[in-house]
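Heads up, the thing below is written out as structure tokens.
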Amino acid sequence: LWPWLLASSGLSALLQLVTLPFFPDSPSYLLIQKGNEEACRKAIRKLWGEGDHQAEIDDIMKEKAAMTSTKTLRVLELIKERSLRWQLYILMTAMTTLQLCGINAVFHTAKFEEYLIPYMSLGVGLCECVSSILCSTLIDRFGRKVLLWGGYTLMCSVLALLTMTLSLQHQFFWMHYFSVILIFLFVIFYGIGP
């Protein structure tokens with residue numbers, strides 16, 4: 001039953017993957033990151049219809065001006081900044097609670113020895129951290145739409161492979177390890193994309 005349950009989450013990813021090309025890029029992304037005002041106007045018209053949307057464009061320009069005057073903090077500076085301390089605590093709490101998401105049940109289903117499961121859970125946590133770092137560096141370069149496209153595509157592929165590996169785990173002894181690698185990849189792709 002676990003292989004089918006895992007595969008079912010791929011249906012929503014597939015649905016989102018199919019509908020993603022029909023969504024416009026974010027107007028603020030087009031204007032702030034890309035500097036393309038005409039594409040921004042086109043995206044606003046697609047989202048909100050025809051009309052005068054100069055007020056929205058002016059708001060985006062104000063946001064761009066505010067962003068240029070804001071200093072980007074490094075990780076150590078972020079930790080030392082007292083005004084951001086509560087946001088950091090909330091983020092750390094959210095990342096910690098992701099450890100309780102139920103991925104450990106997959107490790108039990110894959111028939112791993114009990115003493116290995118905490119190390120696999122640690123691996124999932126490390127994959128979440130890696131995906132957070134990758135996403136924050138890639139989103140400025142490629143934009144949200146590309147990351148969503150890639151994330152959903154790779155997640156669908158990994159879920160299909162994971163369904164196969166969990167179904168074949170009784171025939172090949174190495175399928176357990178391949179399943180864990182696929183779970184780690186799924187977590188990374190999920191963190192980068194959706």
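Numbering of residues begins at 1 and proceeds along the displayed sequence.
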Donor on one side chain, acceptor on other, Gln33 and Arg141, under 3.5 Å: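 No.
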
Nearest heavy-atom neighbours spanning Met155 and Phe189: CG-CB, 3.9 Å

Shortest non-hydrogen contact between Cys40 and Ile60, atoms and distance: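 Taking Cys40 first and Ile60 second, the nearest heavy atoms are SG-CD1, 4.2 Å.
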
[X] [atom1] to [Y] [atom2] distance, which is reported to the nearest 0.5 Å:
{"X": "Leu30", "Y": "Glu37", "atom1": "CG", "atom2": "CD", "answer": "11.5 Å"}
{"X": "Ser131", "Y": "Ile188", "atom1": "OG", "atom2": "CD1", "answer": "7.0 Å"}
{"X": "Leu47", "Y": "Arg45", "atom1": "CG", "atom2": "CZ", "answer": "11.5 Å"}
{"X": "Gln16", "Y": "Phe23", "atom1": "CD", "atom2": "CZ", "answer": "8.5 Å"}
{"X": "Leu185", "Y": "Leu159", "atom1": "CG", "atom2": "CG", "answer": "11.5 Å"}
{"X": "Asn36", "Y": "Tyr29", "atom1": "CG", "atom2": "OH", "answer": "10.5 Å"}

If you define the side chain from C-beta out and look only at heavy atoms, does anything of [X] sit under 4.5 Å from [Y]?
{"X": "Leu138", "Y": "Leu147", "answer": "yes"}
{"X": "Ile57", "Y": "Leu31", "answer": "yes"}
{"X": "Leu162", "Y": "Thr165", "answer": "yes"}
{"X": "Glu56", "Y": "Trp48", "answer": "yes"}

With clusters defined by side-chain heavy atoms of hydrophobic residues (ILVMFWY) lying less than 4.5 Å apart, directly or transitively, does [Y] cluster with [X]?
{"X": "Phe142", "Y": "Leu17", "value": "yes"}
{"X": "Met164", "Y": "Phe186", "value": "yes"}
{"X": "Leu134", "Y": "Ile181", "value": "yes"}
{"X": "Leu126", "Y": "Ile133", "value": "no"}

His53 side chain vs Gly49 backbone, donor-acceptor pair below 3.5 Å: yes

Pair Arg82 + Glu77, salt bridge at N-O below 4.0 Å: no

Sidechain N-carboxylate O distance under 4.0 Å for Arg85, Glu81: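 Result for this pair is no, no salt bridge flagged.
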
Check: Trp174 ring centre within less than 6.0 Å of Tyr177 ring centre: no

Qualifying residue for side chain to side chain contact (heavy atoms under 4.5 Å, CB included) with Phe184, from Leu182, Val180, Val187: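 Of Leu182, Val180, Val187, side chain to side chain contact (heavy atoms under 4.5 Å, CB included) with Phe184 is met by Val180 alone.
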
Name of the residue among Leu14, Leu11, Leu161 meeting side chain to side chain contact (heavy atoms under 4.5 Å, CB included) with Cys156: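 When side chain to side chain contact (heavy atoms under 4.5 Å, CB included) is applied between Cys156 and each of Leu14, Leu11, Leu161, only Leu14 qualifies.
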
